[in-house]
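Report on the following structure.
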Amino acid sequence: MKLSESFYQQSDVVKVARELLGKELITNIQNKITSGIIVETEAYSWKEKGCHAYNNRKTTRNAVMFQPGGFSYVYLCYGIHHLVNVVTGGDGVAEAVLIRALEPSAGVDLMQERMNTDSDYRITSGPGKLTKALGIDRSLNGKYLLGDDLWIEDSGIKVGKSNIVASKRIGIDYAGEDAHLPWRFTIKDNTWVSRR
DNA sequence: TACGTGATCACG
DNA sequence: GTGATCACGTAA
């Protein structure tokens, strides 16, 4: 079952980031389904410097972050990689959760093809890799997550508090003291978590 | 540890 | 218009 609007519109983006662990991210690209279980997330809020919408700075790129929770935010990073976020919070509140790693679930063959490999070894263990594997690019920016292109379902997997590890977010050294916020969440000892 | 890569943003 | 920057991945 698809996650509801009220799930995405919760006021605490950090809580949503934790609760997304164990959920299933699914794409339907040209009638082909691929999916994976979310094992790593990061929270971003307009209140802190790591966020594209810090201090409510609104641009063409990040405008969708100001929509109510339940939309996708996809952008190109370093000219090469597409990164996918889930917009959370209320209308006008710029918050989002970055999906950083998945455990492959449905459509593994197609994911391998997209990744140009015969193996499933770490094909979705990183924010740039999982978008490529699932066929996500900027044409999926701003999609409604209760639609039929890109959505998240409850997989039935329960991730208990003791199985969630919090750490500082990756790749945002420019954010000063906010770079130390423990807003990255991983499933403990999960092999599919990203590594640098 | 170095660097490719190109959209985006803040300047004028 | 232009230059600096960047929520990564890979090779070495």
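Throughout, a chain's letter reflects where its sequence line sits, starting with A, and its residues are numbered from 1. Here the structure is a predicted model, which is why all the values come from computation and not from measurement. Below, all heavy atoms of this structure are taken into account, side chains as well, without hydrogens, waters or symmetry copies.
Residue A/Val86 is tested with A/Thr41, A/Leu3, A/Leu98, A/Leu145 for a side chain to side chain contact (heavy atoms under 4.5 Å, CB included); the sole match is A/Leu145.
Atom-to-atom, CG of A/Asn116 to P of C/dG9 comes out at 17 Å; the value is rounded to the nearest Å. Rounded to an integer number of Å, the gap from NE2 of A/His180 to P of C/dA7 is 17 Å. Computed from coordinates, the A/Ile123 CD1 to C/dG9 P distance equals 14 Å when rounded to whole Å. Rounded to an integer number of Å, the gap from NZ of A/Lys129 to C1' of C/dA11 is 13 Å. Whole-Å rounding puts the A/Ile80 CD1 to B/dG4 P distance at 10 Å. Taking atom OH of A/Tyr174 as the reference point, atom P of C/dC6 lies 7 Å away to the nearest angstrom.
With no hydrogens or angles considered, no side-chain donor-acceptor pair links A/Ser119 and A/Thr117 at under 3.5 Å.
Taking the charged nitrogens against the carboxylate oxygens, A/Asp148 and A/Lys2 do have a contact shorter than 4.0 Å, which makes a salt bridge.
With C/dA7, B/dA7, C/dC8 as the candidates, the nucleotide lying closest to the side chain of A/Ile170 is C/dC8. Comparing atom distances between the A/His81 side chain and each of B/dA7, C/dA7, C/dG9 picks out C/dG9 as nearest.
Less than 4.0 Å separates DNA chain C from at least one heavy atom of each of the following residues of residues 36-67 of chain A: A/Tyr44, A/Gly50, A/His52. For the segment residues 100-112 of chain A, residues with any heavy atom less than 4.0 angstrom from an atom of DNA chain C are, sorted by number, A/Arg100.
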**Message:** Under the criterion salt bridge (charged side-chain N to carboxylate O under 4.0 Å, His left out), I'd like the reasoning laid out for A/Glu48 against A/Arg169: C-alpha separation, chi angles, the key distance, then a yes or no.
**Reply:** CA-CA 12 Å; A/Glu48 45 83 18; A/Arg169 295 171 295 173; 2.9 Å; yes

**Request:** Decide side-chain contact (heavy atoms from CB on, under 4.5 Å) for A/Leu25 and A/Leu130; before the verdict, give the C-alpha distance in whole Å, the side-chain angles of both, and the deciding distance to 0.1 Å.
**Result:** CA-CA 10 Å; A/Leu25 177 68; A/Leu130 72 89; 4.2 Å; yes

**Request:** State the dot-bracket string of DNA chain B. Criteria: Watson-Crick or G-U wobble, both atom distances under 3.5 angstrom; notation: ( ) intrastrand, [ ] crossing earlier pairs, | interstrand, . unpaired.
**Result:** ||||.||||||.

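Using bins of under 30°, 30° to 60° and over 60° for the plane-to-plane angle, the ring pair A/His52/A/Tyr75 lands in the perpendicular bin.
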